A.B. asks: 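I have a structure I would like to understand better, so I am pasting it below and will then ask my questions one at a time.
Worth saying up front: this structure is predicted, and the values here are computed from it rather than measured. Numbering of residues begins at 1 and proceeds along the displayed sequence.
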Amino acid sequence: MPPTLPAQTNLEARATGRSDARADALDADTLDLHRRLTELKRVYQFRDRDRICCHDISVTQCWALESLVRRGSLTLNELASELFLEKSTASRVVDALERKRYVRRARHPRDGRSVLLKPTAAGARLYGTIESEMLVEERRLLSEFDPEIRRSMVRLIGRLVDAASARIVTRGGTCCSIGSLSEEES
């Protein structure tokens with residue numbers, strides 16, 4: 001018997017009293033994906049914490065530093081959006097990185113009301129060190145898979161990230177928005 005999922009799933013089959021094998025399989029796959037992604041997030045969260053915190057920054061500070069290193073410079077609003085954080089939370093993250101001299105604020109060349117956040121040379125070096133340590137571990141993990149499977153995994157994870165990010169952006173990251181999903185979205 002497939003797992004029971006929220007009422008939005010398999011609605012037509014439930015309404016007619018018929019079992020729909022495809023819908024039941026989708027329900028089972030949905031639950032399995034959810035559980036595995038939850039476990040992966042948990043494992044990576046603690047792996048990241050254990051690897052990053054030894055460099056005297058938090059995981060969130062590392063994500064902010066990564067965004068700045070990759071993009072070169074961002075406004076606070078852009079950084080907050082990229083990290084899916086409120087502006088006030090992003091500001092506290094940046095303040096901590098600035099105190100540690102990993103980020104600096106610069107005048108925005110086109111908007112006098114705004115500042116640009118830029119990684120310092122020390123910040124870029126720190127992120128490079130952290131990323132190198134993570135890549136060693138990830139390379140070891142990927143080396144166990146055939147090249148075709150590796151590429152498929154990367155594409156699949158990219159699609160999952162894109163889909164999840166799009167939902168956050170379109171819904172504004174509001175709490176409890178799941179209850180407002182329409183039938184077509186579920």
Side-chain angles (χ1 to χ4, degrees), residues 5-6 8-9 30-106 108 110-111 113-120 123-124 126-135 137-138 141 153-182 184-186:
L5 291 176
Q8 288 103 338
T9 62
T30 300
L31 182 62
D32 193 31
L33 176 67
H34 168 74
R35 288 179 175 165
R36 291 179 187 274
L37 282 176
T38 298
E39 187 61 22
L40 180 64
K41 289 183 293 188
R42 186 178 302 119
V43 167
Y44 266 70
Q45 172 186 348
F46 291 113
R47 182 218 55 177
D48 288 355
R49 179 204 64 198
D50 292 347
R51 299 296 189 282
I52 293 168
C53 289
C54 67
H55 294 283
D56 193 33
I57 64 171
S58 71
V59 173
T60 304
Q61 290 168 1
C62 186
W63 290 338
L65 191 55
E66 174 186 25
S67 293
L68 293 169
V69 167
R70 288 180 185 224
R71 302 272 304 275
S73 64
L74 294 168
T75 66
L76 184 60
N77 284 337
E78 290 168 335
L79 181 63
S81 177
E82 193 160 308
L83 297 176
F84 304 110
L85 295 174
E86 294 293 326
K87 184 178 175 183
S88 61
T89 303
S91 180
R92 287 190 297 276
V93 169
V94 170
D95 288 346
L97 288 169
E98 191 175 36
R99 277 192 306 275
K100 295 174 185 185
R101 302 192 195 302
Y102 297 136
V103 169
R104 67 180 175 84
R105 297 172 197 257
H108 196 293
R110 293 179 305 282
D111 183 354
R113 299 167 296 152
S114 185
V115 297
L116 286 177
L117 307 170
K118 297 181 176 198
T120 63
L126 174 65
Y127 180 72
T129 298
I130 293 169
E131 183 179 49
S132 293
E133 291 172 4
M134 298 290 195
L135 288 174
E137 185 175 326
E138 308 233 335
L141 173 79
M153 287 176 8
V154 170
R155 280 193 306 273
L156 174 62
I157 291 170
R159 288 180 66 186
L160 289 169
V161 168
D162 291 345
S165 295
R167 292 184 86 76
I168 291 171
V169 170
T170 60
R171 292 206 179 30
T174 59
C175 181
C176 302
S177 62
I178 192 98
S180 64
L181 292 177
S182 68
E184 303 89 47
E185 294 174 303
S186 59

A.B. asks: Take a 6.0 Å sphere around CZ of Arg101 and say whether it holds more than 12 heavy atoms from other residues, nucleotides or ligands.
C.D. replies: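 Incorrect, the count does not exceed 12.
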
A.B. asks: Which residues pass the salt bridge (charged side-chain N to carboxylate O under 4.0 Å, His left out) test with Glu131, sequence neighbours left out?
C.D. replies: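 With neighbours one apart ignored, the set is Arg70.
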
A.B. asks: Listed by chain and number, what are the salt bridge (charged side-chain N to carboxylate O under 4.0 Å, His left out) partners of Arg113, not counting sequence neighbours?
C.D. replies: Asp111

A.B. asks: I'd like to check the salt bridge (charged side-chain N to carboxylate O under 4.0 Å, His left out) partners of Glu82; sequence neighbours left out, ordered by chain and number.
C.D. replies: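 Residues passing salt bridge (charged side-chain N to carboxylate O under 4.0 Å, His left out) with Glu82: Arg71.
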
A.B. asks: So how far is it from Leu83 CG to Leu74 CG, rounded to the nearest 0.5 Å?
C.D. replies: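 It comes to 8.5 Å.
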
A.B. asks: Salt-bridged, Asp95 to Arg105, with N to O below 4.0 Å?
C.D. replies: yes

A.B. asks: Pick out which of Arg35, His34, Arg36 makes a side chain to side chain contact (heavy atoms under 4.5 Å, CB included) with Thr38.
C.D. replies: His34

A.B. asks: Kindly compute the distance separating CG (Leu33) from CG (Leu160), expressed to the nearest 0.5 Å.
C.D. replies: 6.0 Å

A.B. asks: Residues in side chain to side chain donor-acceptor pair (under 3.5 Å) with Arg159, at least two apart?
C.D. replies: none

A.B. asks: Salt bridge (Lys or Arg N to Asp or Glu O under 4.0 Å): which pairs involve residues 52-62, sequence neighbours left out?
C.D. replies: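 Passing the test, one end in residues 52-62: no pairs.
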
A.B. asks: What's the shortest heavy-atom distance between Leu79 and Ser67, and which atoms?
C.D. replies: CD1-CB, 3.8 Å

A.B. asks: Report yes if the side chains of Cys62 and Asp48 come closer than 4.5 Å at any heavy-atom pair, otherwise no.
C.D. replies: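 Result no, sub-4.5 Å side-chain heavy-atom pair not found.
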
A.B. asks: What's the separation between atom CD in Gln61 and atom CG in Leu126, rounded to the nearest 0.5 Å?
C.D. replies: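 So the CD of Gln61 and the CG of Leu126 are separated by 10.0 Å.
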
A.B. asks: Do you know which two heavy atoms are closest between Leu97 and Ala64, and how far apart they sit?
C.D. replies: CD1-CB, 4.0 Å

A.B. asks: Could you give the distance from CZ (Arg104) to OG1 (Thr120), rounded to the nearest 0.5 Å?
C.D. replies: 8.5 Å

A.B. asks: Looking at side-chain heavy atoms only, is the closest gap between Val115 and Leu76 below 4.5 Å?
C.D. replies: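 Val115 does not reach Leu76 side chain to side chain.
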
A.B. asks: Not counting sequence neighbours, which residues clear salt bridge (charged side-chain N to carboxylate O under 4.0 Å, His left out) with Arg99? List them please.
C.D. replies: none

A.B. asks: Quick check: do Lys87 and Asn77 have side-chain heavy atoms less than 4.5 Å from each other?
C.D. replies: yes

A.B. asks: If you measure from OH on Tyr44 to CE on Met134, what distance do you get to the nearest 0.5 Å?
C.D. replies: 9.0 Å

A.B. asks: Mind checking the SG-CD1 spacing from Cys53 to Ile130? Nearest 0.5 Å is all I need.
C.D. replies: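 If I round to the nearest 0.5 Å, the distance is 9.0 Å.
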
A.B. asks: Could you pull out the closest heavy-atom pair between Ser114 and His108, with the gap in Å?
C.D. replies: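 Where Ser114 meets His108 most closely, the heavy atoms are O-CB, 3.1 Å.
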
A.B. asks: Show the nearest heavy-atom pair for residues Gly72 and Pro119, with the distance to one decimal.
C.D. replies: O-CD, 3.2 Å

A.B. asks: Using side-chain heavy atoms (C-beta onward) and a distance below 4.5 Å, is Thr89 in contact with Thr60?
C.D. replies: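 Side chain of Thr89 against side chain of Thr60, heavy atoms only: no contact under 4.5 Å found.
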
A.B. asks: How far apart are the C-alpha atoms of Thr75 and Leu117, what are their side-chain angles, what is the distance that settles it, and do they pass the side chain to side chain contact (heavy atoms under 4.5 Å, CB included) test?
C.D. replies: CA-CA 6 Å; Thr75 66; Leu117 307 170; over 6 Å; no

A.B. asks: Please report the closest heavy-atom contact between Val69 and Tyr127, naming both atoms and the distance.
C.D. replies: CG2-CB, 4.0 Å

